[in-house]
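Order of the sequence lines fixes the chain letters, A, B, ..., with proteins taken first and strands second; residue numbering starts at 1 for each chain. The shown structure was predicted, so the numbers you read here are calculated from the model rather than taken from an experiment.
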There are 2 protein chains.
Amino acid sequence: MTRPPTDPRRPLTLRDVSEASGVSEMTVSRVLRNRGDVSDSTREKVLGAAKALGYVPNKIAGALASQRVNLVGVIIPSLSNLVFPEVLSGISAELEDTGLQPVVGVTNYSPQKEEAVLYEMLSWRPSGVIIAGLEHTDSARAMLENAGIPIVEIMDVDGSGVDSVVGISHRRAGLHMAEAIVAAGYRHIGFLGTKMPEDHRARKRLEGFKEGLAAAGLQLEDEEFYSGGSALLKGREMTEAILKRSPNLDFLYYSNDMIGAGGLLWCLDNGIDVPGRVGLAGFNGVDLLDGLPRRLATMDACRREIGRKAAEIIAGRPHSGLIGGEVIELEPTLQRGDTIRSA
Amino acid sequence: MTRPPTDPRRPLTLRDVSEASGVSEMTVSRVLRNRGDVSDSTREKVLGAAKALGYVPNKIAGALASQRVNLVGVIIPSLSNLVFPEVLSGISAELEDTGLQPVVGVTNYSPQKEEAVLYEMLSWRPSGVIIAGLEHTDSARAMLENAGIPIVEIMDVDGSGVDSVVGISHRRAGLHMAEAIVAAGYRHIGFLGTKMPEDHRARKRLEGFKEGLAAAGLQLEDEEFYSGGSALLKGREMTEAILKRSPNLDFLYYSNDMIGAGGLLWCLDNGIDVPGRVGLAGFNGVDLLDGLPRRLATMDACRREIGRKAAEIIAGRPHSGLIGGEVIELEPTLQRGDTIRSA
DNA sequence: TCCAGTGCCGTTATCGCTAACATAGCGCTT
DNA sequence: AAGCGCTATGTTAGCGATAACGGCACTGGA
């Protein structure tokens, strides 16, 4: 639109708006931030000028001067996992009217990448950081400790956090699933999961699961792992493989719902009686499952809720007078679906 | 770790590192940015001090001073669509070694939200913006035009962009699908889609599709729309509804693969011969489809490729001497799958 | 009448860093 | 020995905004 007469391609600053509206830069700043007393008439003048010029404030300068940044760093392992977009959506919803804004970083389950992403984020001096998991490199942990801002580690409570923690106990989730399965009378149990040493939550679930089996005098009779590719397809392939190899298995526990769904489809395609001949269960409670021919047993991970609580802690910290260190453990609920026979 | 003796909770600055290592702030800055000549001995001293203190540079101050920001704004409608995380992953991959970093904003298909997100992003003075779609509010379009940075509008080429454009023609994608269906001998065609007036790409596909039917003297015989909920489940429900209402339909065109997959599962569950009695097709080419009992016909949207090309334009602009305005149209390919009978 | 209180707006001094220029020391040439 | 071109470092002056304070014109109660 209209541009100051000096240099048509110089980026606009407060000064341009100030000159265009005949008041000081300070007053323009006050109007644009809705802070301090300004008369209605000057407010209108300033807003008019700003709009006419197409002025967009420079938050870099603003942040430097005010030592305040309205960003919250969110560090997660992946966006294609479906779980994390849901957590994000909980965070966004909770942050909506706080003036805070989430900024996402993705680590691909690599601790080194996580460290790099965290460093990058902290260099923008955000108001807080939400980060998935309790396991970090020493260096990353040190950065979190010294950042001087609220930190919330999410998803997992099995371990000790730097500051606040919001999540579920994956160990107990696995344990409870094992108990339910045993109670339903299944005795020959196999596990199917991802080949990801850095997915600590999946590992803890499996550990808890084995513990639950052990308590009933049982143990896993077979396992199958995959990495990469279409999870649904992998679920099919792995299910076929494990049942061929160990035909006497009567229950398959999957580390996530996607491969579980693949397994379910394979069983149905091959005329296997579910849950009579074989029972199935996954983990997460993704709403994809609602459309399947049969509802897979699963355990929801309270994803949106985790996001909300974490954001609430970040947003509330300055007001609440809390120094931090809250640990919020949510309770995942077992959804039996149609793939575990009634006890 | 060790902290300067003055005030233990004052955030660290270049000055702290400079004092700790006995050189000027400027030299520290040079070391930390790998810019300019610094002797190996001082470099080591500085890096050692920085590490010992746990210093994290302040990019806010750096960006203000250098007038350079290594961020690229990416504005997309949703993260739960699965399409967009894939585009993002293409962008991230391409930006990987450029020093540039994507920052994501989500609009939920709301033009007003888009405008707000864009304003917020521009206020951080990013090096470029990648934004989904060609349709924006007047105000948003004006901001894009005046931002003075490379802008890439992605996903769609049916219309005119502000600067560069990378995408496919959804109109032609719909048209080609119609041609393929007609060629395969289907004559009674229904459409199932989302109730989203702001999803311009879905709208354009439908328009192109109708155009393709019209060219063969046909028209849509029935339509069904949904919003919200589990797409797979909605696909089932809508398919049941439309086939009950219009039993003589012999082809169902879905606006996305998820509801198409739901429809496919419903047909199989109900013993409907696919593709004999009814043919099905979706849109997108999500890898979920690989695990279905039958492969749904679809058309891939070149998602990763779009992300890569867009990022390439942003990253390359300063070097390439290009002023902008490239339009890159990619060609979606038809994947016939198992749900269209051979012509 | 006087002065504290309030509404409105301007002035000044940073915020933490980097661009641009200045400077010091060195080896080498002439 | 003076002068040149390097390299390695320091000095100065902002970048564009905001915090903190100051000042002026009114108001209203003592």
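Side chains of B:S89 and B:R304: a donor on one and an acceptor on the other come within 3.5 Å. Side-chain atoms of B:T42 and B:S39 include a donor-acceptor pair closer than 3.5 Å.
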Atom pairs, protein N/O to nucleotides 23-26 of chain C N/O, distance under 3.5 Å:
none

Protein-proximity profile, nucleotides 7-17 of chain D, B/S/- by nucleotide at the 4.0 Å heavy-atom cutoff, equals -SBBB--BBBB

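Whole-Å rounding puts the A:K45 NZ to C:dC9 C1' distance at 11 Å.
Between A:R125 and B:V56 the shortest side-chain heavy-atom distance falls below 4.5 Å. B:L95 is listed as a side-chain neighbour of B:P102, based on a closest heavy-atom distance under 4.5 Å.
Environment of CZ in A:R15: sparse, with no more than 12 heavy atoms of neighbouring residues, nucleotides or ligands closer than 6.0 Å.
Proximity of a side-chain donor or acceptor of B:N81 to a complementary backbone N or O of B:F84 within less than 3.5 Å is not detected.
For the side-chain contact (heavy atoms from CB on, under 4.5 Å) with B:I314, the lone residue among B:V72, B:I91, B:I149 that qualifies is B:V72. Among A:E114, A:R141, A:E115, the single residue meeting the side chain to side chain donor-acceptor pair (under 3.5 Å) criterion with A:H136 is A:E114.
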